[in-house]
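Structure first, then comments.
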Amino acid sequence: KYFGVTVGSMAAFSIFWGLFARPEYGDLSQRGADFLQILKNDRLAYSFLVDMGIFALLQSWMVPDDMRRRNFDDSKVLWATRLVPLFGLAYYMSVRPPIPR
């Protein structure tokens, strides 16, 4: 239960840090322009972006299987994990029941 909350908190802090910390890197529009420039020129950065997309698809495929294993039937939680890639999975990990024995 605490792992999902920890992951969600760390992700929220990371996004906040990336958007607003270190003012010497410019305002939000400058950071966005720099991010797009990095994506255009750096294949490693582009591959990380593609990996995040693949992970989002993978989690929407694996969570229903985990829900069946745990006898957990909640369509709202399932759609949250499918539509909100990182935070939906963190929410799912914080509300899912233990595996029955």
Side-chain angles (χ1 to χ4, degrees):
K1 303 268 182 209
Y2 297 112
F3 184 71
V5 173
T6 303
V7 168
S9 300
M10 289 174 59
F13 179 75
S14 296
I15 290 171
F16 175 80
W17 183 266
L19 293 177
F20 301 111
R22 307 283 307 259
E24 63 268 19
Y25 290 120
D27 60 354
L28 202 55
S29 62
Q30 180 63 38
R31 289 173 191 236
D34 290 344
F35 179 68
L36 290 176
Q37 186 65 29
I38 289 171
L39 286 179
K40 289 178 185 176
N41 295 329
D42 189 5
R43 291 189 314 197
L44 181 64
Y46 183 74
S47 69
F48 281 142
L49 187 65
V50 171
D51 287 345
M52 286 190 293
I54 291 171
F55 179 72
L57 292 173
L58 184 67
Q59 94 179 24
S60 68
W61 173 62
M62 294 183 76
V63 166
D65 183 53
D66 187 62
M67 290 177 84
R68 278 190 297 277
R69 193 174 297 125
R70 295 172 187 274
N71 298 323
F72 183 52
D73 186 26
D74 189 345
S75 62
K76 290 180 183 179
V77 172
L78 176 62
W79 282 104
T81 59
R82 285 182 172 169
L83 298 176
V84 186
L86 178 62
F87 294 105
L89 187 60
Y91 175 70
Y92 171 71
M93 287 192 297
S94 65
V95 299
R96 69 183 182 175
I99 296 176
R101 295 189 185 251

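The basis for the numbers below is simple: all heavy atoms, side chains too, and nothing from hydrogens, waters or symmetry mates. Bear in mind the structure is a predicted one, so any value in this text is a computation, not a measurement.
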If you take all heavy atoms of [X] and [Y], which pair is closest and at what distance?
X: Val5; Y: Ser94; result: CG2-CB, 4.0 Å
X: Met67; Y: Asp74; result: CE-O, 3.5 Å
X: Gln30; Y: Tyr25; result: CG-O, 3.8 Å

Original post:
How long is the span from the NZ atom in Lys76 to the CG atom in Leu78, to the nearest 0.5 Å?
Top reply: 13.0 Å
Original post:
Looking at CG of Leu44 and CD1 of Ile38, how far apart are the two atoms once the value is rounded to the nearest 0.5 Å?
Top reply: 11.0 Å
Subject >> Neighbour count above 12 (heavy atom, 6.0 Å) for Phe87 CZ >> reply: yes
Going only through I, L, V, M, F, W and Y residues with side-chain contacts under 4.5 Å, is there a path from [X] to [Y]?
X: Val95; Y: Leu89; value: yes
X: Ile15; Y: Leu28; value: yes
X: Met52; Y: Leu39; value: yes

Identify every side-chain donor-acceptor pair in residues 57-66 under 3.5 Å, counting partners at least two apart or on other chains, and give the distances.
{"residue": "Gln59", "atom": "NE2", "partner": "Thr81", "partner atom": "O", "Å": "2.8"}
{"residue": "Gln59", "atom": "NE2", "partner": "Pro85", "partner atom": "O", "Å": "2.5"}
{"residue": "Ser60", "atom": "OG", "partner": "Leu57", "partner atom": "O", "Å": "2.8"}
{"residue": "Asp65", "atom": "OD2", "partner": "Arg69", "partner atom": "NH2", "Å": "2.7"}
{"residue": "Asp66", "atom": "OD1", "partner": "Arg70", "partner atom": "NE", "Å": "3.2"}
{"residue": "Asp66", "atom": "OD2", "partner": "Arg70", "partner atom": "NE", "Å": "2.9"}
{"residue": "Asp66", "atom": "OD2", "partner": "Tyr92", "partner atom": "OH", "Å": "2.4"}
{"residue": "Asp66", "atom": "OD2", "partner": "Arg96", "partner atom": "NH1", "Å": "3.4"}

Original post:
What's the verdict on side-chain contact (heavy atoms from CB on, under 4.5 Å) for Val77 and Phe72, showing C-alpha distance, side-chain angles and the deciding distance?
Top reply: CA-CA 10 Å; Val77 172; Phe72 183 52; 4.1 Å; yes
Original post:
Which other residues end up in the same hydrophobic cluster as Ile54, if Ile, Leu, Val, Met, Phe, Trp and Tyr are linked when side-chain heavy atoms come under 4.5 Å apart?
Top reply: Tyr46, Val50
